[in-house]
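All values reported here derive from a predicted model rather than from experimental measurement.
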Amino acid sequence: DIYFYFGEDKLIDKTLSDCMVKFPNYEYDFGIKENDKWESYFNFLYPSSISYQSIMNRRVLDYMEEQGDKLEKERQVDHWIYFKSEKERSQYEIEVQKKGFKITSKNSDSENGEIKYQLVISREDKVSRNEIDSFTIELWEMANKLNGDYDGWEAPLIIEKE
């Protein structure tokens, strides 16, 4: 299934049939439904926060593989999380340390008159496709419960010469 959002639907039938001429072995069907408030987009097509985190993880892993990393070895993985209060950041620190994470740095920053409390944590982990989602989504969920914003991860490339 492919979904498109159009401003005008007058030439959709012609546009689709012109495109499909190049693919004579395929059949197609289409329908038009008004969706002024974009409910289908936000409630069905747009990824959930967890799915979005997984998509972002895949982008990083794809880049790493393009550079020659086979993603097999453990390495230090750094994570950035932001909080609205020092108290919430402190609670998060306690929880992640129980899971073997080290506190790499803590900062506070003012943005648009609002103070953000940054926390950078790290742990030795594998970043394979099967493992990365398990701990990043857990960190995201923990941050979310404390009104925090999990902002992603990074890890060094490991490229072995053959």
Side-chain angles (χ1 to χ4, degrees), residues 1-71 77-89 91-93 95-96 99 101 107-123 125-155 157:
D1 291 338
I2 301 175
Y3 293 81
F4 295 97
Y5 277 78
F6 292 95
E8 289 285 326
D9 62 0
K10 292 178 183 171
L11 298 175
I12 292 174
D13 187 21
K14 180 179 178 353
T15 303
L16 287 172
S17 61
D18 289 349
C19 290
M20 293 307 293
V21 166
K22 297 176 184 175
F23 305 98
N25 296 331
Y26 289 89
E27 291 183 26
Y28 74 97
D29 189 16
F30 74 97
I32 298 172
K33 179 181 173 188
E34 280 196 39
N35 191 18
D36 292 341
K37 295 180 183 175
W38 291 59
E39 291 106 347
S40 296
Y41 178 75
F42 288 114
N43 296 332
F44 177 66
L45 296 172
Y46 193 79
S48 68
S49 298
I50 290 173
S51 295
Y52 185 74
Q53 180 61 50
S54 184
I55 291 167
M56 299 312 289
N57 288 343
R58 295 296 173 268
R59 287 185 181 173
V60 175
L61 294 177
D62 288 346
Y63 173 80
M64 293 173 81
E65 286 181 319
E66 287 169 10
Q67 302 306 308
D69 195 321
K70 298 197 185 320
L71 309 177
V77 182
D78 299 321
H79 306 268
W80 281 259
I81 308 97
Y82 294 87
F83 296 92
K84 294 178 182 173
S85 75
E86 274 188 275
K87 181 181 177 186
E88 291 164 333
R89 179 176 68 185
Q91 289 174 303
Y92 192 84
E93 286 178 57
E95 293 304 312
V96 295
K99 297 184 179 302
F101 288 92
N107 293 305
S108 58
D109 200 5
S110 181
E111 187 176 294
N112 298 331
E114 186 179 322
I115 297 176
K116 286 182 146 187
Y117 297 90
Q118 180 195 63
L119 180 65
V120 181
I121 61 174
S122 66
R123 187 174 74 180
D125 278 303
K126 287 188 176 182
V127 294
S128 71
R129 294 190 183 278
N130 294 331
E131 295 169 287
I132 192 72
D133 283 347
S134 65
F135 59 84
T136 59
I137 290 171
E138 180 180 22
L139 291 171
W140 178 87
E141 288 173 334
M142 290 169 54
N144 198 39
K145 286 178 185 172
L146 293 168
N147 300 309
D149 180 26
Y150 178 82
D151 196 34
W153 61 275
E154 75 176 22
L157 292 171

Enquirer: On the 0 to 90° scale, with breaks at 30° and 60°, tag the Phe135-His79 ring pair as parallel, tilted or perpendicular.
Expert: perpendicular
Enquirer: How long is the gap from CZ on Phe42 to CG on Asn35, to the nearest 0.5 Å?
Expert: 9.5 Å
Enquirer: How about Val77 and Ser122: do any of their side-chain heavy atoms sit closer than 4.5 Å?
Expert: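 Result no, sub-4.5 Å side-chain heavy-atom pair not found.
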Enquirer: Nearest 0.5 Å, please: how far is CG in Asp151 from CG in Leu139?
Expert: 12.5 Å
Enquirer: Could you go step by step and tell me if Glu93 and Leu119 meet the side chain to side chain contact (heavy atoms under 4.5 Å, CB included) rule?
Expert: CA-CA 8 Å; Glu93 286 178 57; Leu119 180 65; 3.8 Å; yes
Enquirer: Is the backbone N or O of Gln118 less than 3.5 Å from a side-chain atom of Arg89, with the two atoms forming a donor-acceptor pair by type?
Expert: yes
Enquirer: Evaluate side chain to side chain contact (heavy atoms under 4.5 Å, CB included) for Tyr117 paired with Asp109, printing each intermediate quantity in order.
Expert: CA-CA 7 Å; Tyr117 297 90; Asp109 200 5; over 6 Å; no
Enquirer: Any cation-pi pair here, Arg123 with Phe101, using under 6.0 Å and within 45°?
Expert: yes
Enquirer: Report the distance from atom CG of Asp78 to atom CD1 of Ile121, rounding to the nearest 0.5 Å.
Expert: 9.0 Å
Enquirer: NZ of Lys145 to CD of Glu88: how many Å apart, nearest 0.5 Å?
Expert: 14.5 Å
Enquirer: Evaluate side-chain hydrogen bond (donor to acceptor under 3.5 Å, both in side chains) for Trp38 paired with Asn43, printing each intermediate quantity in order.
Expert: CA-CA 8 Å; Trp38 291 59; Asn43 296 332; over 6 Å; no
Enquirer: For atom OH of Tyr52, decide whether the heavy atoms of other residues, nucleotides or ligands shown that lie under 6.0 angstrom number more than 12.
Expert: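 Counting neighbours around OH of Tyr52, 12 or fewer heavy atoms of other residues, nucleotides or ligands fall under 6.0 Å, so no.
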Enquirer: Determine whether more than 12 heavy atoms belonging to other residues, nucleotides or ligands lie under 6.0 Å from atom CD of Glu27.
Expert: no
Enquirer: Does the side chain of Tyr150 reach to within under 4.5 Å of the side chain of Asn144, using non-hydrogen atoms?
Expert: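 No; the side chains remain at least 4.5 Å from each other.
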Enquirer: Report yes if the side chains of Val60 and Val127 come closer than 4.5 Å at any heavy-atom pair, otherwise no.
Expert: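 Of all side-chain heavy-atom pairs linking Val127 with Val60, none is under 4.5 Å.
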Enquirer: So Ile50 and Glu141, do their side chains get closer than 4.5 Å, heavy atoms only?
Expert: yes
Enquirer: Taking atom types as modelled, is there a side-chain donor on Ser51 or Ser54 under 3.5 Å from an acceptor on the other?
Expert: no
Enquirer: Where is the tightest heavy-atom contact between Gln53 and Ile137, given as atom of each residue plus distance?
Expert: CG-CG1, 4.2 Å
Enquirer: Just verifying a value: how many Å separate Asp69 CG and Leu157 CG, rounded to the nearest 0.5 Å?
Expert: 5.5 Å
Enquirer: What's the verdict on ring pair (Phe, Tyr, Trp, His ring centres under 6.0 Å) for Tyr92 and Phe83, showing C-alpha distance, side-chain angles and the deciding distance?
Expert: CA-CA 9 Å; Tyr92 192 84; Phe83 296 92; 5.1 Å; yes
Enquirer: What I want to find out is whether Lys70 reaches Glu65 closely enough, with some N-O distance under 4.0 Å, to be called a salt bridge.
Expert: no
Enquirer: Minimum heavy-atom separation for Ser40 and Lys33, please, with both atom names.
Expert: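 Reported closest heavy-atom pair: OG-NZ, 4.3 Å.
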Enquirer: Do the side chains of Arg58 and Asp62 get close enough for a salt bridge, i.e. N-O under 4.0 angstrom?
Expert: no
Enquirer: Counting only heavy atoms from other residues, nucleotides and ligands, does the tally under 6.0 Å from OH of Tyr28 exceed 12?
Expert: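 Atom OH in Tyr28 is crowded, with more than 12 foreign heavy atoms closer than 6.0 Å.
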Enquirer: Partners of Ser128 by side chain to side chain donor-acceptor pair (under 3.5 Å), sequence neighbours excluded?
Expert: Glu131
Enquirer: Just by distance, with hydrogens left out, do Asp149 and Trp80 show a side-chain donor and acceptor under 3.5 Å apart?
Expert: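 Asp149 vs Trp80: no donor-acceptor pair found between side chains.
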Enquirer: About how many Å separate CD of Gln91 and CE of Met142, when rounded to the nearest 0.5 Å?
Expert: 11.0 Å
